[in-house]
Amino acid sequence: MTDNPMEKMSVVEGSYATAHAVKVCRPNVISAYPITPQTHIVEDLSQFIADGEIDNCEFITIESEFSALSALVGASAAGARTYSSTSSQGLELMHEVVFNVSGMRLPTVMTVVNRAVSAPISIWNDHQDSISERDTGWIQLYAENSQEISDLTPLAYKVAEDKDVMLPAMVCMDGFILSHVFEPVVLLEQDLTDEYLPPYRPEHILDTKNPKTFGSFADPSVYTEFRYMQQKGMDIALKKIEKAVDEFTRIFGRDHGGLIDTYRADDAEILLMAMGSVVGTIKDVIDEARIDGIKVGLLKIRSFRPFPVEAVRKTLADAAVIVVLDKNISLGLNEGSLCTEVKSCLYNTDINTPVMGFMLGHGGRDISKGTIHMIIDKSQKVARSGIKVENEFVDVRGDLI
Amino acid sequence: MSRLAPGHRGCPGCCDAMAANFVLEAAGDDVIVVSPTGCLEVMTTPYPESAWEVPWIHSLFENTASVAAGIESALKALGRKGNTKIIGLAGDGATMDIGTLGLSGAFERGHDITYVCIDNEAYMNTGVQRSGGTPYGASTTTSPTGKKSFGNRTQKKNMPAIMAAHGAPYVTTTSISYPKDMMRKVKKAVDIEGPCYIHAHAPCSTGWRFESARTVEIGKLAVETALWPLYEMEYSEITGVKKIKNKKPVEEYLKAQGRFKHLFTREGGEKEIAKIQEIADWNVKHYGLE
C-alpha cells in the first residue's frame, strides 16, 4: 500500500462517496423515496444493488418518505442494519416517524442532504430541515466536505449501534454544494470498514423463537423514564463519538476532528462558529484575514446532537468575541439554532464573551468570502466597543422588501 | 391455540380480542404481528405488560403495512424469512383512512404479508368518531344525529375493491361472527406468497351501543341482511361467495343497535331505512348472494 493518500483518491461526486460509504457498511435494508437533491445517492445505491454489489440487502423503493422510515422501524426491529436518505420536505413528512425511531431505540442511519423548506419552495441548500428535527433524539453530525460525509457514515453506524447508545443518527451534508460536486475522495476500503464496523447484533429483535413486544404504550407512571434514558444515551454518545473518531483515525489514517474541530483557534480573539460546507470558505477567509494581522479562528461543530457543551466552552474561553453563522432561523426568536445553543452553554459560567449571530445562506443564497470578511469587520468593532445587535440577517436584498 | 393471553384490558365482548384470537389461532406460532395505535394496542400492551405471546410491534397509527413490509424485507435480507408469516392487524381508521398510502404501496410492491382490517366502523379508541368505514345512517360523535341530520351521510368505502385493484393474489371479506370462515381465510392468506388482504367486520358493543353479550349475534345479522357480504377474490376476480338462505330485512340489524336508534324514533327515519335496504339489495345483486 502506498503512503501517499493522493494516490488512493478518486474524483467522485459527493453523492457517490456517500453511496459508496453506505455500501461498504453492509446495510441489510435500504428504504428511500427520491427527492432533490438526495436523488443521486439512492440512484447510486440502486445501481450497486442492480450490479449485485451489496450482499444480503433489500432495497425498498417505497411510495413516500413517511413509509420509507416506517419500513426501517420494522426492519431495524427485526435485526437489520438499515439506511435511508432524504431532504427537506421528505424529512418534514417523516417527522412523526423520526421521533418514533428514536423512542424505540432503533439505530437507523440516514443521510440528510440539507435543503431549504417550503414555502416558498426551494431545492437549494440551507439547514432548516435537519435543524427542525433537533429535539427528536437523533444524533446529528454535519459534514464539511465529501471525504467527511463518507467517513462519518460508518462512524454514525458505530456510535448509533453501540449497545449503550442505541439511538438513530443523521449524517447531514449540504445539498448541491456537497451532494453534486466532484471532489477527490479516498473511497472507504471494504476490508478496513469491516475491521472498523462489526456486524449489527442487537440484543432485542422480533424473533418468533423468542417473542418480545415492541412499542408498548406508556402511562404517566413510566413515560418520563423513556425520555430520561434517551438523554442518557445521548450523554454516552458524546464519549462514544470521540472514541469512534480515534478508532477511525487508527484504522483509516484520517482525522476530521472529534465532536468539534478547530482552525487557527489557539490565539484567536474572534472565533467564528459554523457547521457544514461553509466551513471551507471560512477557513480561506481566516487565512486572508490573518495576513492582515486579524486574530481570527474557527470552531466547527461536527456533532450538533449530542451538543458538545464542554468542548465548546473550553474552546471559546479565551475569545474576545464569538461569531455564530447559522443557515437556519428560529422564527419568532430571530436567531439561528447554533447561536442559541452556544449562548445557552455559556450561561452560568465565568465566560462573559459577546456572542453575535448571523443568519445567512437561506434557500441556497451564496455565502461569498466578501460576506465572511464583512462579518469579521463587524466582529472587530464589537470586540472593541461591545455588542449592540445580537442577531441579524446577512445579505438581505432591500429591493425585494 | 391462540397466542393472545387472557387478562388484557379489552371491553367485555370486544371484537378486537376476538379477531386477534382467531387470527393467531389460524396462523400458528411462526408469526410476527404488527398493529397500529388503537384499542388493540392499548388494551394489550400497557408497559411493562403484554398479552402477546408472539413477536409484536406497534410503531404509529398510519404505518402498519410499511412496518410489516420492512420486517419482511429484513427477514429476507438476513436469510431468516423461512416460513414466518408477517401479519398486520389494524382497525378501519388505520386501514381505510390514515394508513391507505402505506398499505397501497406495500401491496403494489408485493411484499409477502397478510393484512387484516378489523372493521368496527368508527374510531373507537378515541371515542366513536366516524371513519371511511362508518355506514350510512350511523350516529357517531362526529356524525351525530341532530335536528337536521340522520347521522353519517356516506356509505362505507369499498376497501376490498381497492385492495383487489392492486392485483393481490387474495382479498377477502369475513366477519368475527363466523370464526370458522375467518380462520379458514386467515390460514389461506398466510399460506399464499404475496400480499393478502382480509377485511373482517367486527361489531363493537361500546361504539355501536348493544349489550356486550350480543357481539356475535349482531355480526351475523349484518351478513344475514346482506349489509356485510362475505366473498373471496383472487387476482381481482370473485372466486367465492357465501350465499344467504333466508335474507332478513335491514331493520332487524339496525334496530338492535343504539347508533341507528334515531332511524326508528324520528320522523323521516323510514326513508333512511329504505336507503339502507337499497344498499343491501345492491350487495345481493352485485355479489350474487342469493
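Chain naming here is simple, since letters A, B, ... match the order of the sequence lines and numbering starts at 1 in each. This is a predicted model, so every value here is computed, not measured. Excluded from the calculations below are hydrogen atoms, water molecules and symmetry mates; all remaining heavy atoms, backbone and side chain alike, are included.
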Any carboxylate oxygen within less than 4.0 angstrom of a Lys/Arg side-chain nitrogen, looking at [X] and [Y]?
| X | Y | result |
| --- | --- | --- |
| B:Lys188 | B:Glu234 | yes |
| A:Glu53 | A:Lys23 | yes |
| B:Asp29 | B:Arg3 | yes |
| A:Lys232 | A:Asp164 | no |
| B:Arg130 | B:Glu121 | no |
| B:Lys185 | B:Asp181 | yes |

Are [X] and [Y] close enough that some pair of their side-chain heavy atoms sits under 4.5 Å apart?
| X | Y | result |
| --- | --- | --- |
| A:Arg26 | A:Asp194 | yes |
| B:Ile176 | B:Thr215 | yes |
| B:Arg259 | B:Thr140 | no |

Region of [X] in contact with chain B, defined by heavy-atom distances below 4.5 Å:
| X | value |
| --- | --- |
| A:Phe99 | neither |
| A:Ser64 | side chain |
| A:Leu69 | neither |
| A:Asn100 | side chain |
| A:Ile60 | side chain |
| A:Val97 | both |
| A:Tyr223 | neither |

Using a cut-off of under 4.5 Å for heavy-atom pairs, which of [options] has the most such pairs with chain A?
| options | result |
| --- | --- |
| B:Ser73, B:Ser50, B:Ala68 | B:Ser73 |
| B:Ala74, B:Ser35, B:Ser66 | B:Ser66 |
| B:Asn63, B:Val67, B:Asp30, B:Leu60 | B:Leu60 |
| B:Ala65, B:Gly79, B:Gly102 | B:Gly102 |

Aromatic ring pairing B:Tyr115/B:Tyr197, orientation class (parallel under 30°, perpendicular over 60°, tilted between): parallel
Select, from [options], the one with the greatest count of heavy-atom pairs under 4.5 Å involving chain B.
| options | value |
| --- | --- |
| A:Ala75, A:Gly103, A:Cys57 | A:Ala75 |
| A:Met104, A:Lys212, A:Glu96 | A:Glu96 |
| A:Gly79, A:Ala78, A:Ala218, A:Ala77 | A:Ala78 |
| A:Asp55, A:Thr82, A:Leu206, A:Asp219 | A:Leu206 |

Members of residues 40-48 of chain B whose heavy atoms come closer than 4.5 Å to chain A: B:Glu41, B:Val42, B:Thr45, B:Pro46, B:Tyr47
For the residue pair [X] and [Y], confirm or rule out a side-chain donor-acceptor distance under 3.5 Å.
| X | Y | value |
| --- | --- | --- |
| B:Lys85 | B:Asn83 | yes |
| A:Gln231 | A:Asp235 | yes |
| B:Thr126 | B:Gln129 | yes |

Pairs meeting criterion salt bridge (charged side-chain N to carboxylate O under 4.0 Å, His left out) with involvement of residues 89-109 of chain B, two or more places apart: A:Glu63-B:Arg109
Given a strict heavy-atom distance threshold of 4.5 Å, which part of [X] is in contact with chain A: side chain, backbone, both, or neither?
| X | answer |
| --- | --- |
| B:Val33 | neither |
| B:Ser59 | both |
| B:Leu78 | side chain |

Smallest separation among heavy atoms of A:Arg81 and A:Tyr200, with atom names: NH2-N, 3.4 Å
